[in-house]
Amino acid sequence: MKRLISTVTGCLLMFTFSIGQFARQNQDSIRQLTQQDHKKMMELLGITSIRPGPSGTPTAPNAANSDESKATRYTSLPDPLILNNGKRVTTAKTWWKKRRPEISELFDRELYGRVPVNVPKVKWELVSQRKDSVGKFPVIIKKLAGRVNNSAYPSISVNIDLTLTTPLNNKELVPVVMEFGFAMPSGPRPGATTNRPPVAATNRPLGPTGPTWQQQVLAEGWGYAILVPGSIQADNGAGLRSGIIGLVNKGEPRKLDDWGTLRAWAWGASRALDYFETDKAVDPKRIGIEGMSRYGKAAIVTMAYDQRFAIGFIASSGAGGAKLYRRIFGEQVENLAGSGEYHWFAGNFIKYAGPLTQNDLPVDAHELVAMCAPRPVFISSGSPNGDSWVDGKGMFLAGAYASPVYELLGRKGMGTTEFPPIETSLIDGDVAFRQHTGGHTAGPNWPIFIQFAKRYFDATDSRKMK
Ligand code: GCU
């Protein structure tokens, strides 16, 4: 018996060891392929090196700046209301017809990359459906798969993973808040190159006994959905030759202005919205998008590019999201352009970490917020103690500097350019901001976002069942 136990234990140990080894080898090859692809992008750009980014560890000798007096070294920001020809935009018509397309083109070409025109169609399939309850709320949960037509390149298949939870027996079409979820269908999420501590899950309850964000949403009579980003596009450079980006490129590397992972994730969110337009329980005119950290970046990119999204909850998105790139505080362009994160962007973006700088970017994050106008956006940050990497003030300022565009379109901006004390809810306008006392999480801001969203969701007449 003893022998049997020790043989079984031995086998288990060997099995665990080989799994561990396999995972390590897998990580190594991801790293290697990523570095090759990063190098290839640099070759296409004609550059051989980029500046290293600062460290996310506050005690490191090269720690990122967290001193406000050193943050503003730029002397000017691009003006969202000045056309490329130098003329000022004074009418909503010129914004829509001329200026917004100019800004969008610059984000496409230099930052997030272009979505190809020939992205194949997605067919949504209901995988399963069941009645259940979430806390005290009876719900119906639908598991859905967005099957991307891969007939042009069958060796890559993409199946978008979406779960929709709506109140059971709802009489009217419900609003839905969709989150870019952290669930990973294919292995662990590779860590970023920075020394940033691991990301917290956003669905943690408010307190030891507080309701989860899902329960808070259900309490309003709304539904929620979880979209799995990794089912659309992997979160590393090695994955750029597969996923939706690789499928369109038939397994070849990207061109310099091809879409990066953030736009691919946002594209997936748009396909989910296509599905909501067909679901009998959902009001497609009241779909919110939420994401946190890298998925906060994806959430604002989604909001900016797809005007069907009604509202955005952009949590701790930091650099590459709602934070002004020109601010020297927390994460910098150099971090984003490194091999751990460049895949989020177009290849063209790398050049801003050498020879160019963040001041050479033709647009800045306030113009990404402006692209969301006139739709409401809630910009969320954690406290400096634990979330200074995302630069709360840099995100606040992007909202404040986007406000003139909201005002031009007849809406209310942030109402101030004065950075508010922590826990102040700036939610009277259509660009909202709040810094909570927690760390790198959306958690404590959920009730305030819901309060903000209610204003819009309640104001829009919900249509009767389809
Ligand atoms: C790193 C990265 C951030 C990103 C974060 C995340 O910290 O530098 O830009 O938002 O990872 O986990 O998403």
Side-chain angles (χ1 to χ4, degrees), residues 31 34 38 50-58 60 62-66 111-112 179-184 187-204 227-230 232-237 239 260-266 289-302 312-325 327-345 349-350 352-353 358 365 368 379-392 394-395 398 438-443 445:
R31 201 165 303 123
T34 294
H38 186 246
I50 55 172
R51 296 179 300 275
S55 167
T57 305
N62 63 335
N65 179 45
S66 57
L111 281 95
Y112 298 114
E179 165 165 278
F180 283 104
F182 274 95
M184 285 288 120
R189 192 165 60 96
T193 44
T194 52
N195 301 323
R196 175 69 175 278
V199 179
T202 55
N203 56 359
R204 84 154 72 115
L227 178 67
V228 179
I232 304 159
Q233 186 62 44
D235 195 2
N236 53 57
T261 304
L262 292 173
R263 273 215 84 182
W265 288 338
I289 182 77
E290 181 265 345
M292 136 82 192
S293 207
R294 68 196 59 193
Y295 301 139
K297 307 183 210 297
I300 190 158
V301 171
T302 303
F313 179 7
I314 316 299
S316 291
S317 61
K323 165 221 163 84
L324 290 177
Y325 293 92
R327 277 192 32 110
I328 312 291
F329 194 107
E331 183 164 25
Q332 297 296 296
V333 164
E334 287 80 0
N335 300 92
L336 300 172
S339 64
E341 298 177 8
Y342 79 103
H343 61 280
W344 292 338
F345 304 90
F349 181 73
I350 301 174
Y352 295 97
Q358 71 279 6
L368 189 66
I379 300 172
S380 164
S381 172
S383 77
N385 183 10
D387 208 17
S388 85
W389 186 239
V390 304
D391 184 11
M395 297 191 292
H440 191 55
T441 169
N445 269 351

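Atoms within a ligand are numbered from 1 in the order they appear, just like the ligands themselves. Numbers here are sequence positions counted from 1.
- Residue contact check for ligand 1: His440 places no non-hydrogen atom closer than 4.0 Å to it.
- Checked against ring pair (Phe, Tyr, Trp, His ring centres under 6.0 Å), Phe329 has no partners two or more places apart in sequence or in another chain.
- Between Ser316 and ligand 1, not a single N/O pair is under 3.5 Å apart.
- Between Trp265 and Tyr295, the angle of the ring planes goes over 60°, which puts this pair in the perpendicular group of the 30/60° scheme.
- In this structure the side chain of Tyr352 never reaches within 4.5 angstrom of the side chain of Leu336, judged on heavy atoms.
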(message) Applying side chain to side chain donor-acceptor pair (under 3.5 Å) to Ser316 and Asp387, what does each step give before you reach the verdict?
(response) CA-CA 8 Å; Ser316 291; Asp387 208 17; 2.6 Å; yes
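- Atoms of ligand 1 lying under 4.0 Å from any heavy atom of Arg294, numbered from 1 in the order shown and given with element: 5 (C), 6 (C), 10 (O), 11 (O), 12 (O), 13 (O).
- Residue-ligand proximity, Trp344 to ligand 1, at heavy-atom distances under 4.0 Å covers atoms 4 (C), 9 (O).
- Judged as a ring pair (Phe, Tyr, Trp, His ring centres under 6.0 Å), and not counting sequence neighbours, His343 has no contacts.
- By the criterion of a heavy-atom distance under 4.0 Å, neither the backbone nor the side chain of Tyr295 is placed next to ligand 1.
- Contact annotation: Glu341 has at least one heavy atom less than 4.0 Å from an atom of ligand 1.
- For ligand 1, the polar-atom distance check finds an N/O of Lys297 within less than 3.5 Å of one of the ligand's N/O atoms.
- Using a 4.5 Å heavy-atom cutoff, the side chains of Val390 and Lys323 are not in contact.
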